[in-house]
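Excluded from the calculations below are hydrogen atoms, water molecules and symmetry mates; all remaining heavy atoms, backbone and side chain alike, are included. Per chain, numbering begins at 1; letters A, B, ... match sequence-line order.
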Amino acid sequence: MLDIKELYVSYGRITALQGVSMHVPRSSIVCIIGNNGAGKSTLLNAISGMVKPKSGEITFEGRPLPAHPHQIVKAGIVQVPEGRQVFPILSVDENLTMGGYVLSYREIRERKARVYELFPRLKERAGQAAGTLSGGEQQMLAIGRALMSSPKVILFDEPSLGLAPMVVSQVFELIAKIKESGVTVVLVEQNARKALSVADTAYVLENGKVVLEGRASELLENPMVEAAYLGGRKSA
Amino acid sequence: MFLKVKNLTKRFGGLVAVDNFSMEVTRRQITGLIGPNGAGKTTVLNMLSGLYRPDGGSIVFEDREISGKRPFEIARMGVGRTFQNIRLFNELNVLENVKIAHGWRSRDNLLLTMIGGTRVSRAEKEITRKAEECLERLDLLRLKNEYPGNLPYGTQRRVEIARALGSDPKLLLLDEPAAGLNPNEVHELMATLRKLVEDLDISIVLIEHRMEIVLNLCEWIFVLDFGKKIAEGTPKQIRENPAVIAAYLGEESRDA
Amino acid sequence: SGGGAGSQGKESAKNLPDILIGNPQDLSSTNSAYGKGITNSAQMIFDKVNAEGGINGRKLKLVTYDVKLDVNEAINAYKRLCDQDKVVAVLAPPVSNQVLALAPIAEEKKVPLVGPFVDDRCTNPEPGKLWNYTFIMQQSSKQQAQALAAYAMNELKFKKFALLYNVGNSFSVSLAKPFMEYVKANGGQIVAEETFQFGDKDFRGQLTKIKAANPDAIYLPNYPAEIPLNIQQAKDLGIKAQLLGDNVCLPFALQAGEAAEGLIFHNSIDPNDPNNQEFIKAYKERYKIDPVPQAYSGYDSAMILVEAIKLAAKEGEITPASITRNLLNVKDMPGLQSKITLSPTTHKMIKPTVPILKIQNAQFICLTKYVSPE
Amino acid sequence: MIIQQLVNGFSVGAVYALIAVGFGLVFNVLKFSNFSHGSTMGISAYIAYLFAMKFHLSIVPTVSIGTIAGGICAVLVELIAFRPLRKRGGQIVYFFVTSITMLMLLENILVIFFGDTFYAFPKMIASTAITVAGVSISTLYLVMLGCSVCALALLSYWLKYTKMGVAIRAASCAINTCNLMGANVDAVISWTFFVAGLMAGLSGSLLGISYTLYPQIGQIVVKGFIASVVGGLGNLTGAVVGAILLGILEVFFIATIGAGLTPAATFAIMVLFLFLRPQGVAGTIVRDKA
Amino acid sequence: MEYYTSVLMFGAISTIGTLGTFVLTGLTGLFSLGQAAFMAIGAYSAAMGVVRYNLPFAPAVILSVGIAVGLAYIIGYATLNLRQDYFALSTFGFGEAVRAVLTTSVQLTGGALGMTGIPKLTTGPLVVISLVVVVWLIRNVRVSRFGRECVALRLDETAAQAMGVDVFWRKMQVFMLGAALSAYAGALLAFYTSYAEPNMFGWMRSVEWIIMVFLGGRDSLTGALLGSFVLNTAPEVLRFASQMRTAIYCILILVTLNLRPRGLLGAWELSFSGIFGQRRSAVTRGGGSQHVS
Ligand SMILES: Nc1ncnc2c1ncn2[C@@H]1O[C@H](COP(=O)(O)OP(=O)(O)OP(=O)(O)O)[C@@H](O)[C@H]1O
Ligand SMILES: Nc1ncnc2c1ncn2[C@@H]1O[C@H](COP(=O)(O)OP(=O)(O)OP(=O)(O)O)[C@@H](O)[C@H]1O
Ligand SMILES: [Mg+2]
Ligand SMILES: [Mg+2]
């Protein structure tokens, strides 16, 4: 579905990705974990066209990705960006409209109804300026917005950020459901344990390099991963 | 009493975001503030730091009423805070970000500064020293010349904490400081926070959704739902409180 | 040194140095139409003189600088013309404010400023005092405004007057004040004095008030961009009073169409005067547009400079000093505006005629040529 | 006389309103004061004039040509002055600087080509004013008022209910995120400028027809600026109401204290108004949530 | 020779005003379209003090600066708490109001005809010393916590407040400082040209100052000086271009900003081994998310 080969990305002097290769199979969940600054967000941004790789290539369904972010979205890849990034002055409803930018008005209406069903809280707040939502509500909105465009691939950058525990569970259930419906998911998460438990395959990034990859369930058992990313012991 | 909040209320149009909320915080204590998304936690924090004016109730900090005071006045009384959505000054480097918070403590004024002289440069040195000390505490000193926008999300959160420490606060309000940190980093953060309380003699009010932090770190926890306090107590009490489980933690947390 | 825009003077055969005349004008801002008009006329004259062999074999060359409407720019340009370019005389911009600022500097630089600015203070800073290096080459604002006032009171027997003028514009103010003074001094009455500011385009508020004051005549000493609107809007409001205009009404009042019918205004020239036809024709042929009012007065300014230079050349050297001296020696020069002789005490034209014109059937007819008492 | 003055004020307001709608579009949506709007008005007025003279056009085709010219001009301005800056990571505040520079530049181009003299459109409408019961109002002002109301309705709908409209507003706060949603931000911004340019062209040519033509005609854009700001951010209706209030206020002061001091009085009222009503005529305060 | 001095004098005087704009608009992000009006106040009140009330030069100038600062305080009090574009609008209105008052009070100011007969008291050394002193003062502000706080409150007012910055008062100080510098420049100007008219102080002059600051780089004092120098001399250098001059001048600005979108120097400062603080320019990711209101 999505193939990344030898990707290098740098910001001026800093090289954020150093030859990352990755294979994302259709209708699966690929999880990426790694420390702060490992380059996870950079990788997602490279896929969405927000940063231009220095070298390497990304192919989507066998063809190279288009050059501009908006074309990439049209091709079917959307991102739930890190730190929510809702449009603060637009209302919740309008934020969702933006999410469905590539769709027809009828489709937008239908999908909005579905998102509202998923997050009833958003429906209550439909007219409120997104900037005044609580942190968690914004996160729900960011996820709902990405679901609007019926993508083929969704890139989640820390979707559980700022969500209450119950909602976190719901979100992971949702991600599993999304996959069930045939959508491919790339998941960047700090809540590695939860992420690995829903994922099919996983990659561990360190300093811009893939240091470990494999089936998610195997990584979950891997003592090194356990020590470095799962907190050493089960969370209290 | 160090901090005493009584019957705090805040409305946004028809929505009552915080409803008759009361809480008390004692010195050198880490207090947790939890609750579902949109429960009103950040709103409480915003009122504590003066960004929102309460619609009712009172906030008494070190025996002084602070509701209605302007944010900078409250900050100068010794309340520092971080923001849930990171709000660093992106065109100032990390060191300068922290220096901002300490600036008001220096004894100079604009006219003196304009003329210059050793007194001013001494003040500036003092600010720098203080800021570096704060960065050191959060292990950020080597990043002091970086611009925050270029840092990874998790690091930015730590810069926020360092900046909040910059003004030598007595009370530190942290809004989801652990968001975006991985479990190991969370452990480091917890250690750091404990150390801050010990070293600096401060109190912390902490909003967090990562239960491992709240339950391990806090001595007392308040739980908000729809703006109302639904429970308060020790971590143990809270974890077992059925109302909290129903509204917030979810069944699954029982085995956590 | 910089070359002027319009100066394509060919290399002098005998390689004598050109005689440089400074020309600081607004070419890029609100008054560019005037600046260009003066430049055009001066260029026409200089080309003619040069074609006839120049003065003592030397060609005249215009050194043109853009000064916008900015006083500082004018000062810099004037100093540059004197210090760097070493011009012998300067064709001044038609903006009195700039000349007011330049006059004291000219006392130091001693390079004469000749041009169609209008404010009396440009040559007489206070009564009895004279700036030695400024020369007004147009009927001064006082002469013009009072000529019209006199005509309206004596010939048309009007008693009650109203004014609508731009308080922010020194040109308007310098016409309005003497007009009002004259009216009051001669037993007339100012029933309404309404003003506006630069950039205003709608004057109905003021005109409604004027209408209520019921004057016999309304004086509109304004700029070309404003005059047609003044007239048009007055008619729209059904104002019947006689409208009086200033020396930009030719030709711009016509833009008001039918509403301009019957307008009476003072002007610096009579366009029907047979003497002027040659100039108008040549100007239109060369520049493909009608001459703006300043083109006429600019023409006279350049003319008198040429005459003075010729006199100076006869005396000997052509220097700023000799030109300044000889500007007063030019007698009865047949200018477009009138026969021109400059007064040694005021540096203004002696007894210039002020044509009073009227618009009839979209034509300009001359009612009278009022001879200013000064 | 009072009624006549009210009508006068209202008419002046109508002129300002038409400018304010166009100016306000970019101001409200992209958050900067686009003073080059004024020069777009000027240029389209001159273009309309050239066409009207050459082909002896009547009012409707003349104004249409002016309108389209305005749209094209504005898109070009965006392409030349704003886009490269945006692409290279300039901050929005720099747009203000470039827009002012653009205003000076385009005005100067008009001076170079047309500054030799003043122009007036040929007579385009039979009666310049309508008089009802002794109160006269200019026909063209009525036309302008009609145009601003129509434009206001259309633009409000466009901004509120179409994807493009929403995207424009979204781009104003986060261009990158807007891109991430699949909106082609370049196209979106070009469209904004095109539509604002159409408004500039429309107001420019109508202004040219009812007034005289001179290169600085576009400086009247400052009235649009005042109206838009007073109107309240994010609200075109506010801009129109602000414009009409401004017109009435000005005429009121002209009638009472004279034009000389009107700017001072208007300033005083303006500050007082903003002090009492910090959200502007129709804006809502979007407070920063911490 | 005198020509060059004259150009430099005008340039230096204008630079003093520009430095006020540097702190106000460059650092603090407050767009004042009324700085030229403060210049007018400085020019007229100092000139009137000397001409009409026979004050000596220095007290007249100090008085005029005081008047400007007082007015800035009043306007700032009403508008600095409001949204920033209201501030821009109010200062614009203020500028027009000042001009209106100056044109209308003909008795005192000469109205549109301008005020003549102002003695020529501004000398070269005075201007040079003034400029050097002002640059020194502003440099000190720039590198101190005040300069930093100005930038911080420009970037995020709420966060700055929460960090203990008295945003309102800081803005007020900066506004008064800007007014004082403008007024001082105005006084110098009036006694240099020995003539003043209201149209010398239109809002476009305020805008010119803003352009100078941004052309040089809004965060850089060296940039503001450079911008001011370049744009003050450009018109003189471009004299040869006659009527194309303004056009070339504008194109110059546009091209510069297109090539260097953060101004000529960005945030770079000339530094004599530590006299100026070390600064690098911030390349911020997601630069589009800046919300300018
Ligand atoms: N715009 C930028 N300019 C310069 N450096 C950058 C920029 N964006 C990211 N970096 C650097 O690239 C590296 C990778 O950053 P990235 O944001 O991809 O990390 P991450 O894995 O997502 O971290 P986190 O878990 O904290 O979100 C970091 O060292 C960061 O400092
Ligand atoms: N300025 C505002 N205007 C309108 N509604 C607001 C505003 N600020 C907050 N709210 C609403 O008040 C409620 C409480 O918000 P708050 O940010 O305090 O929640 P929270 O407890 O911090 O939630 P989270 O954990 O998701 O951050 C939310 O429903 C939010 O939408
Ligand atoms: Mg990341
Ligand atoms: Mg919150």
Asker: Against chain C, label P263(D) side chain, backbone, both or neither, depending on which of its atoms sit under 4.5 Å from a heavy atom there.
Answerer: side chain
Asker: Relative to chain C, which segment of L207(D) carries a heavy atom at a distance below 4.5 Å: side chain, backbone, both, or neither?
Answerer: neither
Asker: Counting only heavy atoms closer than 4.5 Å, note whether Q219(D) contacts chain C via side chain, backbone, both or neither.
Answerer: neither
Asker: Measuring from atom OG of S28(C) to atom CG of L110(D), what distance do you get when rounded to the nearest 0.5 angstrom?
Answerer: 12.5 Å
Asker: Taking L207(C), I289(C), V167(C) one by one, which has the highest count of heavy-atom pairs under 4.5 Å against chain D?
Answerer: I289(C)
Asker: Heavy-atom distance under 4.5 Å between the side chains of Y141(D) and D202(C), does that happen here?
Answerer: yes
Asker: I'd like to know whether F196(C) forms a side chain to side chain contact (heavy atoms under 4.5 Å, CB included) with T262(D), so could you lay out the CA-CA distance, the side-chain angles of the two residues, the decisive distance to 0.1 Å, and finally the verdict.
Answerer: CA-CA 9 Å; F196(C) 60 93; T262(D) 294; over 6 Å; no
Asker: Checking F121(D) against chain C: side chain, backbone, both or neither under 4.5 Å from a heavy atom?
Answerer: neither
Asker: Who wins among N40(C), N31(C), T30(C) for the most heavy-atom pairs under 4.5 Å with chain D?
Answerer: T30(C)
Asker: Between T208(C) and N8(D), is there a side-chain donor-acceptor contact under 3.5 Å, judged purely by atom types and distance?
Answerer: yes
Asker: Looking at NZ of K209(C) and CD of Q4(D), how far apart are the two atoms once the value is rounded to the nearest 0.5 Å?
Answerer: 14.5 Å
Asker: Tell me if a side-chain donor or acceptor on Q206(C) pairs with a main-chain N or O of A255(D) at a distance below 3.5 Å.
Answerer: no
Asker: For F10(D), does the CZ atom sit with more than 12 other heavy atoms under 6.0 Å from it, leaving out its own atoms?
Answerer: no
Asker: Against chain C, label Y211(D) side chain, backbone, both or neither, depending on which of its atoms sit under 4.5 Å from a heavy atom there.
Answerer: both
Asker: For Q232(C), is it the side chain, the backbone, both, or neither that has a heavy atom closer than 4.5 Å to a heavy atom of chain D?
Answerer: side chain
Asker: Surrounding CZ of F252(D) (heavy atoms of other residues, nucleotides or ligands, distance under 6.0 Å), is the total greater than 12?
Answerer: no
Asker: Anything under 30° is parallel, anything over 60° is perpendicular, the rest tilted; go ahead and classify F118(D) against Y34(C).
Answerer: tilted
Asker: For residues T117(D) and F252(C), determine if any side-chain heavy atom of one lies less than 4.5 Å from a side-chain heavy atom of the other.
Answerer: yes
Asker: V111(D) and K36(C): which non-hydrogen atoms are nearest, and at how many Å?
Answerer: O-NZ, 2.8 Å
Asker: Of the backbone (N, CA, C, O) and the side chain (C-beta and beyond), which part of L229(C) lies under 4.5 Å from a heavy atom of chain D, both, or neither?
Answerer: side chain
Asker: Tell me, with the steps shown, if R204(C) and Q5(D) meet side chain to side chain contact (heavy atoms under 4.5 Å, CB included).
Answerer: CA-CA 8 Å; R204(C) 287 179 169 79; Q5(D) 290 293 35; 5.9 Å; no
Asker: So which residue, P215(D), S11(D), A120(D), G258(D), ends up with the most heavy-atom pairs under 4.5 Å with chain C?
Answerer: A120(D)
Asker: Mind ranking I227(C), L254(C), L237(C), D290(C) by heavy-atom pairs under 4.5 Å with chain D and telling me who comes out on top?
Answerer: L237(C)
Asker: Can you give me the closest heavy-atom contact between S32(C) and G115(D), atom names plus distance?
Answerer: OG-O, 3.6 Å
Asker: So, for E194(C) and I254(D), which heavy atoms are closest and what is the spacing to 0.1 Å?
Answerer: OE1-O, 3.9 Å
Asker: Please classify the contact of S210(D) with chain C as side chain, backbone, both or neither, using a heavy-atom distance under 4.5 Å.
Answerer: backbone
Asker: Indicate yes or no: at least one non-hydrogen side-chain atom of K201(C) is less than 4.5 angstrom from one of I217(D).
Answerer: yes
Asker: Just verifying a value: how many Å separate D200(C) CG and K223(D) NZ, rounded to the nearest 0.5 Å?
Answerer: 6.0 Å
Asker: Mark yes when over 12 heavy atoms from residues, nucleotides or ligands other than L272(D) sit less than 6.0 Å from its CG; otherwise mark no.
Answerer: yes
